[in-house]
Asks: 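First, the structure itself, so that you have it in front of you.
For ligands, and for the atoms within them, numbers begin at 1 and follow the listed sequence.
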Amino acid sequence: MPADCIFCQIVAGRVPATKLYEDDEITAFRDIQPQANSHVLIIPNRHIVSLNDTSDDDIELLGRILRVAVKIAKEEGLADTGYRVSTNTGRDAQQSVDHLHFHVLGGNALLPRLG
Ligand code: 5GP
Ligand code: ZN
């Protein structure tokens, strides 16, 4: 794990974050600069740079992250009104933290519509 990775530091508890979920493999915490009324990040505890660095061995982990996203969305009261789960990969997507993370955004109308 790179010592300078802010998300590894959050997993290790060395940098404070408002954690909403954690287990042996996955941690969820509130984004420090929320882009919606509810903005939560879900990450693997293991340092994986981006989706590009996943393999078939990570299929279960990736599925579990999406299931945590649904749990968070329900707990945040977003399930009925709607929410977005997204991950930015690389330069053109403006990935700014090189530790794989999924955004869960909701609580208000999200613009622009992606995809
Ligand atoms: P990206 O732009 O890479 O898709 O998303 C990175 C996200 O991490 C941004 O939304 C940013 O606000 C969030 N972030 C960056 N540093 C920290 C931090 O130290 N703590 C928390 N909670 N979120 C962070
Ligand atoms: Zn990391």
Asks: For residues Ile42 and Val85, determine if any side-chain heavy atom of one lies less than 4.5 Å from a side-chain heavy atom of the other.
Replies: no
Asks: Select one of side chain, backbone, both or neither to describe which atoms of Phe7 lie under 4.0 Å from any atom of ligand 1, heavy atoms only.
Replies: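 The answer is the side chain.
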Asks: Under 4.0 Å from a heavy atom of Ile10: give me the atoms of ligand 1 that qualify, with their elements.
Replies: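 Within the 4.0 Å cut-off of Ile10, ligand 1 contributes 20 (N).
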Asks: Side chain, backbone, both or neither: which part of Leu41 comes within less than 4.0 Å of ligand 1 when only heavy atoms are counted?
Replies: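 For Leu41, only side-chain atoms sit under 4.0 Å from ligand 1.
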Asks: Please could you name the atoms of ligand 1 that Ile6 approaches to less than 4.0 Å, counting only its heavy atoms?
Replies: 19 (O)
Asks: With heavy-atom distances below 4.5 Å as the criterion, would you say the side chains of Cys8 and Val11 are in contact?
Replies: no
Asks: Hey, are the side chains of Asp98 and Cys5 touching, using non-hydrogen atoms and a 4.5 Å cut-off?
Replies: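 Not in contact.
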Asks: Would a single hydrophobic cluster contain both Val68 and Ile43, if residues Ile, Leu, Val, Met, Phe, Trp and Tyr are joined by side-chain heavy-atom contacts under 4.5 Å?
Replies: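 Result: no, two separate clusters.
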Asks: I'd like to check which ligand 1 atoms, numbered from 1 as shown, lie under 4.0 Å from a non-hydrogen atom of Gln33.
Replies: 12 (O)
Asks: Looking only at protein heavy atoms, which one is nearest to atom 9 (C) of ligand 1, and what is the separation?
Replies: Asp31 OD2, 3.3 Å
Asks: So, the side chain of Gln95 versus the backbone of Val97: is there a donor-acceptor pair under 3.5 Å, distance only?
Replies: yes
Asks: So which protein N/O/S atoms does the Zn ion (ligand 2) have within less than 2.8 Å?
Replies: Cys5 SG, Cys8 SG, His47 ND1, His99 ND1
Asks: Quick one: which ligand 1 atoms are inside 4.0 Å of a heavy atom on Gln95?
Replies: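 The atoms of ligand 1 under 4.0 Å from a heavy atom of Gln95 are 3 (O).
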Asks: Can you tell if the side chain of Phe102 reaches within under 4.5 Å of the side chain of Leu62, non-hydrogen atoms only?
Replies: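 Side-chain contact under 4.5 Å: yes.
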Asks: Quick one: does Leu61's side chain get under 4.5 Å of Ile48's, heavy atoms only?
Replies: yes
Asks: Looking only at protein heavy atoms, identify the closest one to atom 22 (N) of ligand 1 and say how far it is in Å.
Replies: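 Heavy-atom neighbour on the protein nearest atom 22 (N) of ligand 1: Arg30 O, 2.9 Å.
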Asks: Once you measure the plane-to-plane angle for His47 and His99, does it fall in the parallel (<30°), tilted (30-60°) or perpendicular (>60°) bin?
Replies: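 Answer is perpendicular, since the angle exceeds 60°.
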Asks: For atom 15 (C) of ligand 1, what's the nearest protein heavy-atom neighbour? Residue, atom name and distance, please.
Replies: Val97 CG2, 4.0 Å
Asks: Are Arg64 and Glu60 within salt-bridge range, i.e. N to O under 4.0 Å?
Replies: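 Salt bridge between Arg64 and Glu60, a charged N being under 4.0 Å from a carboxylate O: no.
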Asks: Would you kindly specify which portion of Gln94 sits under 4.0 Å from ligand 1, judged on non-hydrogen atoms: side chain, backbone, both or neither?
Replies: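 Within the 4.0 Å criterion, Gln94 contacts ligand 1 through backbone atoms alone.
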Asks: Between Val104 and Glu76, is there a side-chain heavy-atom distance shorter than 4.5 Å?
Replies: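 Not touching, per the 4.5 Å side-chain cut-off.
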Asks: Counting only heavy atoms not in Asn52 (residues, nucleotides, ligands), do more than 12 fall under 6.0 Å from its CG?
Replies: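 For Asn52, atom CG is crowded (more than 12 foreign heavy atoms under 6.0 Å).
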Asks: Check each atom of ligand 1 against the heavy atoms of Ser96 and keep those under 4.0 Å away; list them by number with element.
Replies: 1 (P), 2 (O), 3 (O), 5 (O), 6 (C)
Asks: Heavy atoms only, cut-off 4.0 Å: how does His103 contact ligand 1, side chain, backbone, both, or neither?
Replies: side chain
Asks: With a 4.0 Å heavy-atom cut-off (strictly under), which part of Asn88 contacts ligand 1: side chain, backbone, both or neither?
Replies: side chain
Asks: Pair His103, Thr87 - check side-chain contact (heavy atoms from CB on, under 4.5 Å), show working.
Replies: CA-CA 6 Å; His103 300 260; Thr87 184; 5.8 Å; no
Asks: Do Leu100 and Ile72 land in one hydrophobic cluster if side-chain heavy atoms of ILVMFWY residues count as linked below 4.5 Å?
Replies: yes
Asks: Among protein heavy atoms, which lies nearest atom 23 (N) of ligand 1, and at what distance?
Replies: Ile32 N, 3.3 Å
Asks: May I ask you to identify the nearest protein heavy atom to atom 5 (O) of ligand 1, giving residue, atom name and distance to one decimal place in Å?
Replies: His101 NE2, 3.0 Å
